[in-house]
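Counting from 1, the numbers follow the sequence of the chain as shown. Every number for a ligand or one of its atoms is a count from 1 in the order of the listing.
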Amino acid sequence: MKIHEYQAKELFKAAGIPVPREQVASSPREAVAVAEELGLPVVVKAQVLVGGRGKAGGVKKVDRLEDVESVAGRILGMSIKGLPVGHVLVSECADIEKEFYLGIIVDRANRCPVLMASAAGGVEIEQVARETPEKILKVAIDPGSGLLSFQARNAGMALLDDAGQARAFAAIAHKLYRVFVERDCSLIEINPLVRLGNGTLLALDAKVNFDDNCAFRHPGNEEMRDMSSEEPKEVEAKKAGLSYIKLEGSVGCVVNGAGLAMATMDLIKRYGGEPANFLDVGGSSSPEKMKTAMRIILSDPNVKVVLVNIFGGITRCDDIANGLLQAKKEADITVPIVARLTGTNADKARALLENSEVTPAATMAEAVKKAVELAGGVK
Ligand code: GDP
Ligand code: MN
C-alpha cells in the first residue's frame, strides 16, 4: 500500500525527521489560505501516488500570493500518469543548496533491509541505479541489531564530507529506519533530502510503501488508503476474500491456492496462451465467492475464455460447480468456460455440470490446452 507525500511527511514529522512547514489543501482557496499563513514563496505539489510529478508539471514554485489560486487550480485539475490530483501540498519554499537521496528497502536477495544513499538526489533513483550505479552507496542492515551508529555516520561522511552534517544525516537515517521497522514498510524514501544554504538538512519529498502482509498489525493504515489509485477490481476481490491480480492476457483463471494458480499460469504460457489474471479463490470456497470471482474476471473485456482449475481439498468441487451455474444463470455469460474439478466431491460437481455449457476436462493439461484454443489459439 502506498500513501501520499503529505501523509508520509506526517509520519516523518512525528518521528522527528525535519520537514518543511506545509499543509495539504483540496481546493485552490484552501491553498491560498495555507500560502498566506506560510508566507511566500511557496511550492505547490500535486499529491498523486506516482513519482516524477516534478517533470509532469505537478510541482510549481509560486512567488506571488495572487498566483497561488490559479496554480493550485491548474494542478488540481491535472491527471498525472492517469491518476487525478485530489490534493495539493503547499510548502514553504526551501532554499536548496544540494539535493541528496536517502532510502531504505528490503533487499530480498540479501534478506535484510538496505539503506541507500546518494549525492545524485532529486532524480529518480531507478534511473541513477541504471545509469550510474556507482553513485549509490548501499549499507546492509542486520535486522537483529538494526542500523548501527557507525554505519549511519560513515554514510553521512561519504555524502556530506562534514562531521556536523554527517551527524545530522545519521540522526535522520536512524529515525527513518525506526519508521521503516515500526510501520512495516517495504520501502521508505526521501528524494530529495536537501541541504539548505545554511547547512541544515530537510526532507523535501517522502515516499512510504507499507508491506501489505503486515496490514493486520496496522488497522489504522486503512484510513490513509486512497482508493482512486487502486485497481477497482482488485479492491472488490480483496473485500470478497479473493486474491486477484489483473494481467494483460485473454485466459481468465479461477484457481484455488496460490501455488496451483502460479502453476496454471505457467501452463497457459507453456501452451502458448496468456493469462488475463491471477486469481486464488482460497480454501472453503462458497458458491458466493465463485460468483464474485466470475463477475470480476468477466468485467475484463480482454477475457476470451474462463479456465476453472480446482483441486478440491477443503474446497468442495460441488460448491464451485454450483457457483459457476449460478453465475451463468444470473449474468448473460457468453465466453466459454473450461472446468477441471478434481478432489472432494468431484463426482457431484461432474453431475451438476453435465448438460451445462461448461466444457469439462479431466486433467490440468487438457483443460489448459482447451482454454488456450478457445481463447484464439497460440499467439
Ligand atoms: P517528484 O518530482 O515527484 O519527485 O517531486 P519532488 O517533491 O521531489 O520535487 C521535485 C523537484 O522539485 C525537487 O527535486 C526540487 O528540485 C524541486 N523542489 C521541490 N520543492 C522545492 C522547494 O521547496 N524549493 C526548491 N528550490 N525546489 C524545490
Ligand atoms: Mn521526489
Any donor-acceptor pair under 3.5 Å from Lys289 side chain to Val281 backbone: yes
Scan for salt bridge (charged side-chain N to carboxylate O under 4.0 Å, His left out) pairs involving residues 233-242, sequence neighbours excluded, and state none if there are none. Glu236-Arg295
If you measure from CG on Asn309 to CG on Leu267, what distance do you get to the nearest 0.5 Å? 8.5 Å
Under 6.0 Å from the six-membered ring centre of Tyr271 and within 45° of its axis: does the NZ or CZ of Lys269 meet both? no
With a 4.0 Å heavy-atom cut-off, what residues sit around ligand 1? Val43, Lys45, Gly52, Arg53, Gly54, Val59, Glu92, Cys93, Ala94, Ile96, Glu99, Gly122, Asn191, Pro192, Leu204, Asp205
Tell me, please, if Asp205 has any N/O/S atom, main chain or side chain, under 2.8 Å from the Mn ion (ligand 2)? yes
Least distance between heavy atoms, Gly58 atom then Met78 atom: N-CE, 4.0 Å
Interatomic distance, Ile320 atom CD1 to Arg316 atom CZ [nearest 0.5 angstrom]: 10.5 Å
